[in-house]
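These numbers were taken from a predicted model, which means no experiment stands behind them. Residue numbering restarts at 1 for every chain, and letters A, B, ... go by the order of the sequence lines. Only heavy atoms go into these numbers, but all of them, side chains included; no hydrogens, no water, no symmetry mates.
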Amino acid sequence: MAEPAVNVIQRLRVDAVRCDGVGICAHLAVELVRVDSWGYPIVSRQPLSARSLRQARAAVAACPRRALFLATD
Amino acid sequence: MTAQLHLVDTDLAEVPAGPAAQVPAQPLFGAPVYYVGADSNAISELGVEDLFAHRRRFGHRPHLTGAAGAAFIDTLEDIGLTGRGGGHFPVARKWRTVRTAGRNAVVVANGAEGEPLSGKDAALLQLRPHLVLDGLACAAEALDATDAVIWLHEGAEATRASIVHALAERRAAGLIEPQMRVVTGPARYLSGESSAIVQALSGGPALPQFRLASAATSGVNGLPTLVQNVETLARVALSAHSPEAFATSTLVTVAVPGRRVVLELDRATQLGDAIGSVLGSTPLQAILIGGYGGSWAPWVDVSDVMLAESDMRDRGLSLGAGILVPLGAGQCGLEQTASIISYLADSSARQCGPCVFGLRGVADLVRDLAEKSSGRRDLPRLQRFLAEINGRGGCHHPDGAVRMVASAVTTFAADVSAHLAGRCLHDGAAHLGQRRG
């Protein structure tokens with residue numbers, strides 16, 4: 001898949017239906033994901049910077065439920 | 001009852017002068033509709049409008065294929081019709097999205113009213129089936145659809161029988177129109193959620209799903225899909241028969257102990273007059289506006305608010321699907337809230353963590369609050385839960401539940417303080433209605 005253009009705004013999103021609250025994302029993307037009172041991820045809605053994009057990609061790749069993804073506005 | 005009829009009459013009298021005034025606005029019902037107790041049979045003194053009576057009132061439905069369909073969407077935009085399933089989204093915009101998204105569109109009349117306290121949609125399906133079917137036929141033609149579905153709850157027998165009979169009447173009369181079929185989903189609260197309908201009609205379970213694209217763009221089997229509430233479609237039909245006949249009315253369902261009443265009122269009607277026409281001068285302390293996923297508000301603050309959605313929004317409220325639950329002066333709002341949030345938690349589709357665990361957690365805390373057994377830290381914990389859950393489900397079910405509980409904590413602030421101190425402000429007072437109608 002081609003890399004999106006530099007000026008494309010991307011955000012980390014979670015499919016709450018797929019998510020089982022495994023929680024690996026919160027360890028890999030500490031600046032983007034925190035967990036709620038029940039262990040489910042609360043994902044930052046901010047546009048991803050170049051630095052946070054790396055964290056986001058790691059979290060997306062590690063999710064065993066394939067519940068995380070990068071969304072373009 | 002005379003008060004309600006009078007309001008409808010006033011509505012007719014106030015149609016603006018000019019060419020538009022030649023065709024009076026047509027009511028959907030023309031009289032209040034009642035449900036007694038938990039019965040799901042809608043009762044109206046005017047009875048069922050069969051095909052003969054429907055055609056006598058409206059004549060032939062105009063055909064909306066080709067250019068007529070595009071022109072009709074412009075009409076829908078001009079009259080400003082919005083969705084009556086609760087979202088109040090502009091109908092014309094939704095239809096244009098479906099039209100531009102591609103071929104082989106699917107159109108769905110959503111008659112799966114989830115809330116036990118609602119009733120306007122079942123009333124339309126039972127008493128005015130041909131208005132709904134005309135509306136669905138209009139949508140199917142204007143959007144060049146290849147499938148038209150009436151989506152109902154399993155077990156809604158009176159509703160289903162009415163629609164099946166109405167479809168048979170239309171076939172027997174040889175109406176030239178798109179084929180329409182009835183499909184039923186499980187009798188659950190969330191079966192009427194748009195993404196649940198899309199998933200069910202695509203061959204999956206009738207459960208909400210997480211979707212990036214709207215159903216209008218990519219719905220049933222990836223096809224452009226219109227999911228439209230049945231009241232909205234009935235209004236579409238009125239507009240198609242004559243744009244001037246489009247009623248500026250609003251349907252509300254007033255739920256009081258032992259009965260529900262569906263009223264057709266001018267949208268300039270104030271809440272106080274709407275409720276007064278059902279309850280007379282019964283003193284009220286609060287009202288739940290918009291149903292279980294709506295907002296509580298102190299009665300004195302909102303009795304002058306008009307039913308028009310724009311007026312509601314100015315006050316931070318939404319009429320939603322039109323459900324109004326008045327709370328008598330002697331009732332404990334926290335008890336009511338505990339019972340509703342418990343129902344909403346039980347109604348979770350059990351797919352998303354924040355909904356499955358979060359709503360249960362909220363329901364337990366509100367129950368403790370209602371039972372005056374809350375701990376010192378429970379109120380802040382409740383507030384934290386509400387903040388954490390909001391906006392985090394795959395569908396909007398938890399958001400409505402959060403809104404309702406948050407509004408209860410504000411509206412019943414005095415009750416919250418009293419309950420935390422181990423007292424209830426309504427102990428010993430007459431409990432006018434703890435039963436759900």
Side-chain angles (χ1 to χ4, degrees), chain A residues 1-49 52-53 55-73, chain B residues 190 193-200 202 204-215 217-218 345 348-365 377-402 405:
Chain A
M1 201 160 52
E3 286 288 305
V6 182
N7 60 349
V8 169
I9 292 174
Q10 288 189 297
R11 295 174 213 272
L12 185 60
R13 297 284 302 271
V14 59
D15 176 343
V17 175
R18 296 187 79 103
C19 175
D20 276 342
V22 177
I24 296 172
C25 53
H27 293 286
L28 292 176
V30 286
E31 290 164 22
L32 299 171
V33 181
R34 62 192 177 93
V35 293
D36 66 14
S37 299
W38 308 277
Y40 288 83
I42 302 176
V43 175
S44 163
R45 292 170 201 205
Q46 296 303 311
L48 297 170
S49 65
S52 59
L53 190 57
Q55 281 193 11
R57 285 199 174 120
V60 169
C63 176
R65 295 289 298 125
R66 300 245 171 274
L68 278 174
F69 59 97
L70 294 175
T72 310
D73 281 5
Chain B
L190 285 169
E193 204 273 334
S194 167
S195 70
I197 298 173
V198 165
Q199 182 161 218
S202 305
L207 294 169
Q209 49 184 337
F210 179 86
R211 304 177 58 85
L212 276 180
S214 69
T217 315
S218 173
S348 166
R350 306 202 62 76
Q351 298 188 113
C352 307
C355 185
V356 177
F357 300 104
L359 290 194
R360 191 73 262 157
V362 168
D364 289 347
L365 288 171
R377 298 217 169 112
D378 280 351
L379 190 58
R381 182 186 291 163
L382 174 61
Q383 298 284 19
R384 190 178 78 235
F385 283 7
L386 294 176
E388 283 182 349
I389 296 165
N390 200 31
R392 292 198 36 247
C395 73
H396 292 299
H397 176 62
D399 304 348
V402 163
V405 172

**Item:** Which residues share a side-chain contact (heavy atoms from CB on, under 4.5 Å) with B/A401, sequence neighbours left out
**Value:** B/I341, B/L344, B/L359
**Asked** Minimum heavy-atom separation for B/L212 to A/F69, with atom names?
**Response** CD1-CE1, 3.4 Å
**Request:** Only counting residues at least two apart or in another chain, list the ones meeting side-chain contact (heavy atoms from CB on, under 4.5 Å) with A/P64.
**Result:** A/V22, A/I24
**Prompt:** Using a cut-off of under 4.5 Å for heavy-atom pairs, which of B/C355, B/P354, B/G391 has the most such pairs with chain A?
**Reply:** B/P354
To see if you've got the definition right, give the donor-acceptor pairs under 3.5 angstrom between chain B and chain A.
{"unit_1": "B/E388", "atom_1": "OE1", "unit_2": "A/S37", "atom_2": "N", "d": "3.0"}
{"unit_1": "B/E388", "atom_1": "OE1", "unit_2": "A/S37", "atom_2": "OG", "d": "2.7"}
{"unit_1": "B/E388", "atom_1": "OE2", "unit_2": "A/S37", "atom_2": "OG", "d": "3.3"}
{"unit_1": "B/R392", "atom_1": "NH1", "unit_2": "A/D36", "atom_2": "OD2", "d": "2.9"}
{"unit_1": "B/R392", "atom_1": "NH2", "unit_2": "A/D36", "atom_2": "OD2", "d": "3.1"}
{"unit_1": "B/R392", "atom_1": "NH2", "unit_2": "A/P41", "atom_2": "O", "d": "2.9"}

**Item:** Exercise: identify the closest heavy-atom pair between B/G394 and A/A16
**Value:** N-CB, 3.8 Å
**All side-chain contact (heavy atoms from CB on, under 4.5 Å) counterparts of A/V33, not counting sequence neighbours** = A/L12, A/C25, A/A26, A/A29, A/P41, A/V43
**Item:** Toward chain A, the part of B/I389 with a non-hydrogen atom under 4.5 Å
**Value:** side chain
